[in-house]
Amino acid sequence: MSIRLSNGSEIPIEMHKVRIVQKVRLAPVRDRLRAMEDAGYNTFLLRSRDIFLDMLTDSGTNAMSDNQLAAMMQSDDAYAGSESFYKLEESVREIFGYQYVLPCHQGRAAEHLLAKTFVKPGHIVPMNYHFTTTKAHFDLAGGKVLELYGPEALVTESSFPFKGNMDLGRLKDAIDEAGPANVSFVRMEATTNLIGGQPFSLENLRQVKALVEPLGIFLVVDGSLISENAYFIRQREPGYENTSIRDIIREIMSVADLCYLSGRKSCSVRGGMIATNRKDLHEAIRPWLPVYEGFYTYGGMSSKEIEAMAVGIREMTELEVAGASADAIKYFVGLLQTKGIPVVTPPGGLACHVDAMRFIDHVPQSEYPAGALAAAVYITSGIRGMERGSVSMDRDKDGNDVPSDMELLRLAVPRRVYTMSHFQYAADRLRWLYDHRKMIGGLEFYEEPPVLRFFGGKMKPTKSDWGLALAQAFEDHFGPGC
Ligand code: F0G
C-alpha cells in the first residue's frame, strides 16, 4: 500500500509489523569482488553469507504471515488423502472458482506436466511472453514458443499500462498459419516476468478467449503473479477501480480454462499447482502427477507448504498484500528515475528492472551487458540482482547465441522483506555506479551448461579486469572496509 504524506508525496507503507528478523552482512568491497570472481560473475553462484540485500528473485523469498506459519504447524503428512490437500482444494475453489486441483513442487513442474500432456512435436504455443522454464519445457517437448506481444511491450520507458497484452492480430495469423489442431494452447503470463513484470488487462484476456474458444483451443493463465496482475488491473483498467482483488482474480479465472502457478511468488510459499474446471484437461494431466511429482494429494510439496499455500491464496487477495511489493517497486523505480537511472516503466510486479543497454551502452550485446551490470552492482553494493537478458537465453541448435529482446538487470522486491532505507541505499549505489559506468566492461563464458545456462554458467571479464578496477575506485571513494 502507498500513503500520501502532507507534502503530497507518496511512500510505500507497511501494513504489517515485523516480528522475526534475519541478520544480513555487508561484506567489504574487496570481499565482494572475490566472491563475484569465485562465482564466475554469475550472481546465482554467490553464497548468502556474501550478500547484503538479496534481490535475485521474489521466488520463495517472501516474508510469510503469522497465519501461514501457524497453519504449517497443523499439517497432515499422510502420503495419501492428506487433510492439508483438502484445505488447499477448498481455498482454490473459494478464490479461483476452480474445482480440480493438482499440487506440484513448483511452477516449472506444472509446466513440465502441461508440456508432457499437451505439447506435441510441431505444435506452436502462443503466449504474451515466454518465461525461461516455460520455454525450456515446451521446447523439449518439441513445441515452438511464439511470443505475440504488442508493439508497446519492448519499449522500456513507456506509460502504456498493459505491456503484457497479447496482440490479437498476430495471434490470429499464427493460428491460421499453424492450424488450430497444431496449437497446444494459448498461455497468458500474469505480469510478464522477463520484460519487466508487465500485466495484461482483463479486456485483452477476454478478447484472446473469444478468439480461441470457437477454434477449440484452450486458454492457460500462468498465475504465479496473479495478485499483482489483479492489483494493476484495479489501478489501471477503467471500470475496475472499485473491484476487489478477490473479484478480479475470480474474473480472470472465469475467462481462463486452466491456471497453473508457482506458489513461490504471490502465494508466498514454496510449491505450485494446476487448477481448472475442465474435467477433460484435469483428467489428461492427472495420471502423470504421481509419475513425476508425487501422489495426487501432495504432488511433491511438503504438507507444511500446502497448508501455508491454502492460507497464502486467501491472503494474496487482500489489497495490502497484493500491493505490498508493487507499491514498493513503484517507490524504488521512482527513486531511480529521479537519479537519472534508466529503468523499465511503468513499474511492474516482482522487481525494479534497470535497462542495461542504456546504462552501459558501450558494452555490446554479445558481451552480455545485463550480466555485466548485475556483477558490477553486486561489487559496488553487495546487492544481488539477476541478469535477465542474453545470458538467460540458451543457444540455438547451431550453437549460436540468441540475443535477448531486452537486457535487463532485475532487482527483485520480495514481498514484505525490504524497507525504504534499503531502496534508498540501492538507489544511491546505483547512482554511484552510473557515474562510473564507463568502467564496466563485457563478459564471456568459460563454463556453459547446455540448458538454462544462466543458472550455472561461469563468466569472466572480456578484456581488462574491470571488476578489480571498479572495486578499487569504490574503495578510493568510500574508504577501505566499505
Ligand atoms: N512462471 C513464471 C511467470 C515465473 O516467474 C516462474 C519462476 C515460473 C513460472 C517457474 O516457477 O520457479 O516455481 O519453478 N520465476 C522465478 C523467478 C524463478 O525468479 O522469476 P518455479
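The first residue of the sequence shown is numbered 1, and numbering continues consecutively from there. Atoms within a ligand are numbered from 1 in the order they appear, just like the ligands themselves.
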Should G107 be counted as touching ligand 1, given the test is an N or O pair under 3.5 Å?
yes
For R108, take its heavy atoms, then give the atoms of ligand 1 lying under 4.0 Å from any of them.
10 (C), 11 (O), 12 (O), 14 (O), 18 (C), 21 (P)
For T57, counting its heavy atoms only, list the atoms of ligand 1 lying under 4.0 Å from any of them.
17 (C), 19 (O)
What protein heavy atom is closest to atom 10 (C) of ligand 1, reported as residue, atom name and distance in Å?
T133 OG1, 3.5 Å
Would G272 count as a contact of ligand 1 if the rule is a heavy atom under 4.0 Å away?
no
Between E228 and T191: side-chain donor-acceptor atoms closer than 3.5 Å
no
Nearest-neighbour protein heavy atom for atom 7 (C) of ligand 1, which is reported as residue plus atom name and distance:
F131 CE2, 3.3 Å
Side chains of H123 and S184: is there a donor and an acceptor less than 3.5 Å apart?
yes
Any side-chain heavy-atom pair of P449 and F455 under 4.5 Å:
no
Would you check if the side chain of S262 reaches a backbone N or O of S224 as a donor-acceptor pair within less than 3.5 Å?
no
Identify the protein heavy atom lying closest to atom 3 (C) of ligand 1, giving its residue, its atom name and the separation to 0.1 Å.
D222 OD2, 3.3 Å
If the cut-off is 4.0 Å to any non-hydrogen atom of E111, which atoms of ligand 1 fall inside it?
1 (N), 9 (C)
I need the contact type for Q106 against ligand 1. Using non-hydrogen atoms and a strict under-4.0 Å cut-off, is it side chain, backbone, both or neither?
both
Quick one about R410 and N193 (side-chain donor to acceptor, distance below 3.5 Å, no hydrogens or angles considered), yes or no?
yes
For ring pair (Phe, Tyr, Trp, His ring centres under 6.0 Å), just list the numbers for Y298 and Y79, CA-CA rounded to whole Å, side-chain angles, deciding distance to a tenth of an Å, and then say yes or no.
CA-CA 7 Å; Y298 77 93; Y79 185 95; 5.1 Å; yes
Going through the checks in order, is the salt bridge (charged side-chain N to carboxylate O under 4.0 Å, His left out) test met by R246 and E94?
CA-CA 10 Å; R246 186 180 262 250; E94 179 189 320; 3.0 Å; yes
Might you work through the salt bridge (charged side-chain N to carboxylate O under 4.0 Å, His left out) test for D58 and R264, ending with a clear yes or no?
CA-CA 8 Å; D58 63 332; R264 303 170 62 90; over 6 Å; no
From atom 16 (C) of ligand 1, work out which of R388, R270, R264, K265 has a heavy atom at the shortest distance.
K265
Cut-off 3.5 Å, side chains only: do Y240 and E251 have a donor facing an acceptor?
yes
Can a non-hydrogen atom of T134 be found less than 4.0 Å from any atom of ligand 1?
no
State the atoms of ligand 1, each with its element, that fall below the 4.0 Å cut-off from a heavy-atom position in M386.
19 (O)
Ligand 1 to N193, heavy atom cutoff 4.0 Å, flagged ligand atoms 4 (C), 5 (O), 15 (N), 17 (C), 20 (O)
